[in-house]
Number of protein chains: 2
Amino acid sequence: MAQHLNYAPENVESTDAALAAVRQMIEAGKLPADGRLPTERELAAEFGCGRRTIRRVLDALEAEGLIWRKQGKGTFAGQPPDPTGALAAEIAPDADPLVVMEARLCIEPALAELCALRATGEDVLRLRQLAQRASQPIDADTAELWDGALHRAIARIAGNRVMLTAFALLDEVRMGADWQKQRHRARSAETKALYDQQHNQIIDAIQARDGAGAFQAMRAHLQALSDNLRVSMGEADR
Amino acid sequence: MAQHLNYAPENVESTDAALAAVRQMIEAGKLPADGRLPTERELAAEFGCGRRTIRRVLDALEAEGLIWRKQGKGTFAGQPPDPTGALAAEIAPDADPLVVMEARLCIEPALAELCALRATGEDVLRLRQLAQRASQPIDADTAELWDGALHRAIARIAGNRVMLTAFALLDEVRMGADWQKQRHRARSAETKALYDQQHNQIIDAIQARDGAGAFQAMRAHLQALSDNLRVSMGEADR
DNA sequence: ACGCAAACCAATGTCAGAATGGTTCGGGAC
DNA sequence: GTCCCGAACCATTCTGACATTGGTTTGCGT
């Protein structure tokens, strides 16, 4: 597996050139919307080299995390997607918003706790930016979008693949369900301010590496969301 | 939707006869291993009635929870399965046992808390039985099986469809992963006793409707499992 | 009014063929 | 010997056409 890297001069030149070309092809954004790269055979023909050389280049890019490959499917730029769509569609039809919120109350505090243990300074900065976007005085739909992005970022930073998949499932159910469309449109200024404050409390705890604090802050935030939801549903069905 | 149930006499007789026949067909266990019933068209031909009548019979059985149907697939006896297999297979290959255990530490305490709020007396009885089975002096494999059944039962009693799916996903990853085969085979008598005691603490809290207590007890139990796992892995990779 | 029969719709399973990444082998250049 | 190229083969995935199945509508008859 561990190959020694002493190529003959001309080989170094050709493989390096191909690597640079493919890398530029990826970073230039000259790809279809789905990020699909040409097939290995096409790339080999285009650069006038063999498939084996192309594969070594792609191996490097894959190890670098720039691309991902799947046999029978193709080579793609970016990160491999979490294939939770099918499962979410299965659950979404009979998804009671309160059930979904209860699940969020179970999972997301734990994610915040993990996030507090693993977030880098850069991560915290990105969370701050997202919270700031969500707090801008814009329409409710956009605010909801940035709020979702913030919660997703926390889940990603938590750094546990299994938990991330579970969260992605939950997130898709939440977004895909019909009740989302008829949800509480009118956020009062007070609740908006409360949510912003809670977002900052969560991020403060994460920045301070305070796992328990992040857990509690996230739980309080979701509890507020849940209460708001329950009120706006008229409390008719519980 | 809400149909009045005053059929003409001869109709009552025929549909009732068909209903009884299909019900008996299901309960007699005269079905393929997958629980598949004949198609609606076949049933109609067999009983000499129309599809509409058969559909009304199946509607009743479905509302009763005895069967489930899926367009393009068929009619089946029993409960619809949670289709988490594909997702689990996707994650399992690169499933670090410690990552899985961390996810369990995030999800299962919350499930135990929900379980404490919703378990009936009958539920508690069943949990006691499972815990007792797991504590019998049998080989490690069988004990692990009953332990899994106990945790699954807690997740089911928690009564949240979304959380149950997330747990099912986690459970399949845990069971399907290769590392399961080379796991810590030898449970010492002390750890075995500890696990039994922790199981009983969890169930005690559930019986007492003590959500926070169930949460903590489950967390402590999984923490012990995690510690044991970390030790048996030689602590080489963390 | 109700059941029956037929037809159509939408979703699913099945099957064969093509495309693709993963792998192995032998030949040739240095 | 080492490395690349070309070719072939394998396993997985996608695509399309077709049959099957539950879901639904329509018309006829009792």
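Chain letters run A, B, ... following the sequence lines, proteins first and then strands; every chain starts at 1. The basis for the numbers below is simple: all heavy atoms, side chains too, and nothing from hydrogens, waters or symmetry mates.
Counting any heavy atom pair closer than 4.0 Å across all strands shown, A:Gly72 reaches a base atom.
Considering only side-chain atoms of B:Thr53, the nucleotide from C:dG13, C:dC4, D:dA8 that sits closest is C:dC4. Comparing atom distances between the B:Arg52 side chain and each of D:dG22, C:dG3, D:dC4 picks out C:dG3 as nearest. Side-chain proximity of B:Gln71 to D:dC5, D:dT13, C:dA11: nearest is C:dA11. Nearest to the side chain of A:Arg69, among C:dG21, C:dC4, D:dT13, sits C:dG21. Each of D:dC5, C:dT20, D:dT13 was ranked by its minimum atom distance to the side chain of A:Lys70; first place goes to D:dT13.
Under a 3.5 Å cut-off, the side chain of A:Arg51 and the backbone N or O of A:Arg41 do not form any donor-acceptor pair.
Expressed to the nearest 0.5 Å, how far CZ of A:Phe76 lies from CD of A:Glu62 amounts to 12.5 Å. How far CG of A:Leu117 is from CD1 of A:Ile157: 12.5 Å, rounded to the nearest 0.5 Å. How far CE of A:Met101 is from CZ of A:Arg230: 9.5 Å, rounded to the nearest 0.5 Å.
Per the geometry, CG belonging to A:Asp59 stands 12 Å off P belonging to C:dG21, to the nearest Å. As rounded to whole Å, 11 Å separates atom C1' of C:dG21 from atom CZ of A:Arg36. When the P atom of D:dG22 is taken as reference, atom CD1 of B:Ile54 falls 11 Å away, rounded to whole Å. Between the C1' atom of C:dT23 and the CD atom of A:Glu40 lies a distance of 11 Å, rounded to the nearest Å. Atom pair A:Phe47:CZ and D:dC5:C1' shows a separation of 17 Å (rounding to whole Å applied). For the pair A:Arg51 CZ and D:dC4 P, the computed distance is 16 Å after rounding to whole Å. The interatomic distance linking B:Leu43 (CG) with D:dG22 (P) rounds to 8 Å, in whole Å. One atom, CD1 of B:Ile67, and another, P of D:dG22, lie 10 Å apart when rounded to the nearest Å.
Here B:Thr75 reaches the OP1 or OP2 of D:dG22: one of its side-chain N or O atoms lies under 4.0 Å away.
With salt bridges taken as basic N to acidic carboxylate O contacts below 4.0 Å, one links B:Asp59 and B:Arg69.
Judged by atom type and distance alone, B:Arg41 reaches the base of D:dG22 through a side-chain donor-acceptor pair under 3.5 Å.
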